[in-house]
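Some notes on the structure that comes next.
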Amino acid sequence: MPGCFKKTLFSLASLISFVSFILIVVAMGTPKWTTGKILCKTGADLVNATDPELVKFIGEIYYGLFRGGKIRQCGLGGRRSKFTIFPHMVKKLNAGLHVMIIMFLCVAIFFSLVSFGFCILNAIKVPYRAIKGPAGVCLWNFLAGGFVVLAVTSFMAAVKLHHLTERIANFRENVFQFVILEEHFEDCFWICVASATAHAVNLLLIAISGINFPKIKTKTEEVNVTAEDIMY
């Protein structure tokens with residue numbers, strides 16, 4: 001049986017792994033990974049709008065991995081619309097990269113659950129096989145955190161290098177052309193970053209569990225037995 005200190009550490013690590021699993025699932029299902037402001041360039045050019053008038057042509061956009069929405073401002077008031085990435089829009093995007101992001105997160109979810117199970121196992125008993133012990137827990141946490149980092153990095157590349165926001169804003173826009181003025185990563189993106197950080201914390205906890213702290217020994221008083229004590 002593991003000691004009380006190790007039980008506490010592995011129990012905490014199992015809780016962190018489960019929280020990481022929840023964070024990834026929530027992030028994947030929420031449609032706010034990125035928000036931005038979009039300028040209806042075609043409308044602004046038609047009326048030769050100056051700086052004070054450009055407000056009438058600046059709309060908003062937000063999107064996640066599966067859906068999103070935008071407000072089109074082309075001089076006639078805001079028009080709200082919602083869209084889904086699958087199945088039609090993904091063909092206009094970098095489909096391979098977008099699907100890869102989703103796959104990375106799905107694999108991270110799997111390894112988070114594996115880490116959760118192995119942490120509980122180590123909190124209950126000491127496994128005979130090394131792969132089921134702290135070494136295995138470190139491996140699963142490293143893989144889970146690594147795949148989350150890959151997903152986050154790939155999403156950043158899609159937004160910054162492949163102009164994901166601009167492609168989504170101009171999807172099925174035959175008349176108007178939209179230009180991205182601002183774009184920001186939102187809570188769901190940072191939730192994934194927090195998930196990767198959680199697995200890094202788990203690695204630290206497992207490393208601490210392997211430290212053998214010196215035990216405090218109490219000195220016992222020596223008992224001197226004399227001949228008089230034996231007589232009585």
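Positions are given from 1, in the same order as the sequence printed here.
- Gly78 approaches Gln73 most closely through the heavy-atom pair N-OE1, 3.3 Å.
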List the atom pairs, donor and acceptor, that lie under 3.5 Å between side-chain atoms in residues 86-110 and the rest of the protein, sequence neighbours left out.
| unit_1 | atom_1 | unit_2 | atom_2 | d |
| --- | --- | --- | --- | --- |
| Asn94 | OD1 | Leu97 | N | 3.3 |
| Asn94 | ND2 | His162 | ND1 | 3.3 |
| His98 | NE2 | Leu65 | O | 2.8 |

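- Residues Leu181 and Leu164 fall into different hydrophobic clusters, defined by Ile, Leu, Val, Met, Phe, Trp and Tyr side chains chained together at heavy-atom separations under 4.5 Å.
- Inter-residue side-chain proximity for Leu23 and Cys192 is flagged as unmet; no heavy-atom pair is nearer than 4.5 Å.
- At a threshold of 4.5 Å between side-chain heavy atoms, the hydrophobic network of Ile, Leu, Val, Met, Phe, Trp and Tyr places Ile180 and Met156 in one connected group.
- Atom-to-atom distance recorded for Asn202:CG and Ile16:CD1 is 4.5 Å, nearest 0.5 angstrom.
- For the 3.5 Å distance criterion, the side chains of His199 and Ser20 qualify, holding a donor opposite an acceptor.
- The environment of Asp45 atom CG is dense: over 12 non-hydrogen atoms of other residues, nucleotides or ligands sit within 6.0 angstrom.
- With a 4.5 Å cut-off on side-chain heavy atoms, Lys70 and Ser81 count as touching.
- The side-chain heavy atoms of Glu166 and Glu183, taken from C-beta on, include no pair separated by under 4.5 Å.
- Between Ile24 and Val148 the shortest side-chain heavy-atom distance falls below 4.5 Å.
- The shortest non-hydrogen separation linking Ala144 to Phe111 is CB-CB, 3.7 Å.
- Here Gln177 contributes atom CD and Lys41 contributes atom NZ; the two are 6.0 Å apart, rounded to the nearest 0.5 Å.
- Contact record, Phe178 with Cys74: CZ-SG, 3.9 Å, taken as the closest heavy-atom pair.
- Panel note: side chain Thr153, backbone Leu150; no donor-acceptor pair is recorded below 3.5 Å.
- One finds the OG1 atom of Thr35 at 3.5 Å from the CD atom of Glu186 (value rounded to the nearest 0.5 Å).
- The distance from atom CZ of Phe18 to atom SG of Cys119, rounded to the nearest 0.5 Å, is 13.0 Å.
- A heavy-atom distance below 4.5 Å is not found between the side chains of Ile71 and Arg79.
- Taking CG from Asn122 and NZ from Lys7, the interatomic distance works out to 12.5 Å, rounded to the nearest 0.5 Å.
- Ile38 contributes atom CD1, which lies 8.0 Å from atom CD of Glu173 (distance to the nearest 0.5 angstrom).
- Nearest heavy atoms, Leu54 versus Ala44: CD2-CB, 3.9 Å.
- Crowding of Phe185 atom CZ: a count of heavy atoms from other residues, nucleotides or ligands under 6.0 Å exceeding 12.
- In this structure, Ile85 is a member of the same hydrophobic cluster as Val25, with clusters built from ILVMFWY side-chain heavy atoms closer than 4.5 Å.
- Within the 4.5 Å cutoff, the side chain of Phe155 has heavy atoms near those of the Phe189 side chain.
- Using a 4.5 Å heavy-atom threshold, the side chains of Tyr63 and Val159 count as touching.
- Between Phe66 and Met28 the shortest heavy-atom distance is CD1-O, 3.4 Å.
- When side chains are defined from C-beta on, Leu205 counts as touching Leu12, because their heavy atoms get closer than 4.5 Å.
- Here the shortest heavy-atom pairing between Phe10 and Val137 reads CE2-CG2, 4.4 Å.
- Ile208 and Leu203 are not part of a single hydrophobic cluster, where members link through side-chain heavy atoms under 4.5 Å apart.
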| query | Passes ring-ring contact (aromatic ring centres under 6.0 Å, His included), Trp140 versus Phe118? Steps please. | reply | CA-CA 9 Å; Trp140 308 131; Phe118 273 65; 5.8 Å; yes
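- In the hydrophobic clustering of ILVMFWY residues, with side-chain heavy atoms under 4.5 Å counting as a link, Ile61 and Val175 come out together.
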